[in-house]
Undergrad: 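Sharing a structure, written as structure tokens. Questions coming.
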Number of protein chains: 2
Amino acid sequence: MLSTRQLFILQVIIDEFIQTAQPIGSRAISKKDEVSFSPATIRNEMADLESLGFLEKTHSSSGRVPSEKGYRYYVDHLLMPIDLSPRDEQTISGVFNQGMVEFEQVIQNSVNVLSDLTNYTSIILGPEVYATTLKQIQIIHLSKTTAVAILVTNTGHVEHRSFTIPKEINPLDLEKLVNILNERLIGVPIIQLPNRLQMELTSIIDHYVKDVATAFKYLKGALLDQQPNNIYVGGITNMLLQPEFSDVAKIHSLYSVIEQEETMASILRSQDQGIHISIGQENKVTEMQDCSLITATYTLKGQQIGTIALLGPKRMEYSRVISLLERLSNDMTKTFKNW
Amino acid sequence: MLSTRQLFILQVIIDEFIQTAQPIGSRAISKKDEVSFSPATIRNEMADLESLGFLEKTHSSSGRVPSEKGYRYYVDHLLMPIDLSPRDEQTISGVFNQGMVEFEQVIQNSVNVLSDLTNYTSIILGPEVYATTLKQIQIIHLSKTTAVAILVTNTGHVEHRSFTIPKEINPLDLEKLVNILNERLIGVPIIQLPNRLQMELTSIIDHYVKDVATAFKYLKGALLDQQPNNIYVGGITNMLLQPEFSDVAKIHSLYSVIEQEETMASILRSQDQGIHISIGQENKVTEMQDCSLITATYTLKGQQIGTIALLGPKRMEYSRVISLLERLSNDMTKTFKNW
DNA sequence: GTTAGCACTCAACTCTTTCGAGTGCTAATA
DNA sequence: TATTAGCACTCGAAAGAGTTGAGTGCTAAC
């Protein structure tokens, strides 16, 4: 439907705008070496592209700026997959070659490398705890009345929580209880733990523990009360470098959304497998409607367990960012596969 | 040296400026109910206060603004200790009455409540790990080749790290090794662990482990490589609400300092016992020289183990903030005492 | 179909004016 | 002698006018 010349001009404008953040005029385009048409011709094409909704003007005599529809078209049809630059390549390899063996470490490093390379804000949703299974429960006594409960999952994730041992519970009973639970619950998906805990405790009530309700309450509280916090954010201050965020009020509203871990988690959790791009208004959260969010998922045993994302202005370096995310999600998936 | 009227006027100006962030003129002061002098009189006093260095003008015909020397004098001589408002009182009690039993939880909640109540940025330096002692080392095998090492301190702090079990080390040997280490190292201050680890390993080299160097390297790596990260920050976005930080460049430079955990840790670590106030240029870090930093320390068994701090503009609500910090550090100290 | 030419638009910048909240100084007052 | 009224003065902030320049759309010629 669009002529090749129109496509070409659209591409040039978007590419240019991504670099400069300035409206692009017909003369500037015509001066480019690859371009042989006169400014007037380009103006005509631009007028058409504008009436089709791909371009916008900031005021009646300004140069053109891509509209969200323009970005969407660009992303869907014009994007050339590019190879990572040697520098990007090297930086990422460097991170993944240092033999990390812990989920959190891998994620933390990934967040950092992503935001450093792109100057955008990177957000990673860590593996959902409920996709993992219990490896072991441990109770370590700190004093007569306090103890730490430690829960280790098959992915090496460690949850821990201190608690006061209630007077009603005999420490020896507690220990026995934990031993039994370990025997019976290893391999159980974390998400099923509360139910299974209830079942097991009920079944052994008479033998070991006098007051199952209390014991359950405390164990559950100690191990499962707070859903762990698995959002990692890097490079928040990078947003301040973008000219579209020179307004303090804008930054403030954006930051307050990023700070809400539940909101971010639910956004990242609802992403489909693979790369996904939300541009401006396509984002449901109003505060993010000046931004683009690019997400990629990573997997363990074929199952999607988390999401990595980049949040930046709408004029993102889409192709580079996509390559980076693809590479990183692959590397993460690969790293986790070996475990 | 200053007349009581001068003191009074200084106090009124600073109090007012703290509220409004606007230069204060003579007429505005004279209009106050508590004030019976004419604007002219006040102007004379203000001129004197300015030549003494306690006040400044933003331009030659502007109202007066406190200088850093003025704030310093105010803080040292004019500050009235005020009781916490019922609301503040209640909020803090609410946090500490919910029976928290874990260091991190206490600190996280404190950071949040501080920044919420004040609208400043709050920073807490958690208990130094090296001030604590080893309670237990645990190794939990995840698979044939991977394991999590867990280190629990007497304060309930849990450090953990996954690692690949090197081929050179027999899993059974590893277990024996850990048992022996537990027997010998419980109660050892964490800071001495690397040395003691070396010693113990050397002494038992022939009996259990073939290659002590390797075992040491891995254990040390697993347990002690990365100093844990014990800076907690809350309410960073609050800074955006202060009129003195309406400039993006300023915010950016401030944020990048706050992000540097080592810098912040070393600032907080070097604070003396009790409440301490650094105003503007008194801060060593240039990026913080538009701010005031108020710190308070908290203790465990009489020993100072951490610092809580508030970072805000120089025109802080000093008396309220001091009361809050005093109350909070007391509550923290009290909470930790019971453990 | 393309392009040169031209009138037109509008943000950004500069310059000027006006306004008012503030000052310092002097002379009158209690 | 300390206080105050009065007044000339200062300067930032806001509002308005003029200029510039990068851009446009449209028309007519190539």
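Naming: A, B, ... by sequence-line order, numbering from 1 per chain.
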Undergrad: Side chains of A/M264 and A/V233: closer than 4.5 Å at any heavy-atom pair?
TA: no
Undergrad: Reckon A/K57 has a side-chain N or O less than 4.0 Å from the OP1 or OP2 of D/dG25?
TA: yes
Undergrad: For A/K314, is there an ion pair with A/E244 - N to carboxylate O distance below 4.0 angstrom?
TA: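 A/K314 and A/E244: not salt-bridged.
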Undergrad: Should A/D88 and A/R320 count as an ion pair when the cut-off is N to O under 4.0 Å?
TA: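 Between A/R320 and A/D88 there is a salt bridge, with a charged N closer than 4.0 Å to a carboxylate O.
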Undergrad: So, does B/T58 get its side chain near the phosphate of D/dG12, meaning an N or O under 4.0 Å from OP1 or OP2?
TA: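 No, B/T58 has no side-chain N/O under 4.0 Å of OP1/OP2 on D/dG12.
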Undergrad: Could you give the CD-to-P distance, from A/E50 to D/dT24, as a whole number of Å?
TA: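 It works out to 10 Å between those atoms.
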Undergrad: Quick one: A/I42 CD1 to D/dG23 C1', roughly how many Å, whole number?
TA: 13 Å
Undergrad: Per the atom types in the model, does the base of D/dT24 pair as donor or acceptor with the side chain of A/S61 at under 3.5 Å?
TA: no
Undergrad: Take the protein atom CD of B/Q6 and the nucleotide atom P of D/dA2, then report the distance between them rounded to whole Å.
TA: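 The distance from CD of B/Q6 to P of D/dA2 comes to 13 Å, rounded to the nearest Å.
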Undergrad: Taking the nucleotide of DNA chain C with the nearest heavy atom to each, does B/G63 or B/A40 sit closer to the 5' end?
TA: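 The residue closer to the strand's 5' end, by nearest nucleotide, is B/G63.
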Undergrad: Taking only the side-chain nitrogens and oxygens of B/S62, find out if one of them lies under 4.0 Å from OP1 or OP2 of D/dT10.
TA: no
Undergrad: Assess, by modelled atom type and distance only, whether the side chains of B/Q271 and B/T295 contain a donor and an acceptor separated by less than 3.5 Å.
TA: yes
Undergrad: At less than 4.0 Å, is any side-chain N or O atom of B/T41 found next to OP1 or OP2 of D/dT3? Yes or no.
TA: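 B/T41 to D/dT3 OP1/OP2: no side-chain N or O under 4.0 Å.
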Undergrad: Whole Å only: how far is the CG atom of A/N44 from the P atom of D/dC26?
TA: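 Computing the A/N44:CG to D/dC26:P distance gives 9 Å.
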Undergrad: Using the closest heavy atom to pick a nucleotide of DNA chain D for each, name whichever of B/F37 or A/R27 lands nearer the 5' end.
TA: B/F37
Undergrad: Between atom CE in A/M46 and atom P in C/dT3, what is the gap in whole Å?
TA: 14 Å
Undergrad: Report the distance from atom CD1 of B/I13 to atom P of C/dG22, rounded to the nearest whole Å.
TA: 12 Å
Undergrad: Looking at the side chain of A/S60, which of D/dT4, D/dT24, C/dT9 is the nearest nucleotide?
TA: C/dT9
Undergrad: Nearest whole angstrom, please: distance from the P of D/dT10 to the CZ of B/R43.
TA: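 Rounding to the nearest Å, CZ of B/R43 and P of D/dT10 are 16 Å apart.
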Undergrad: Kindly determine whether A/S38 and A/T41 satisfy side chain to side chain donor-acceptor pair (under 3.5 Å), including the steps that lead there.
TA: CA-CA 5 Å; A/S38 75; A/T41 311; 3.2 Å; yes
Undergrad: Grab the CZ-P distance between A/R64 and D/dG23 for me, whole Å please.
TA: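 In whole Å, D/dG23 P lies 12 Å from A/R64 CZ.
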Undergrad: Of the listed nucleotides (C/dC10, D/dT3, C/dT23), which one gets closest to any side-chain atom of A/H59?
TA: C/dC10
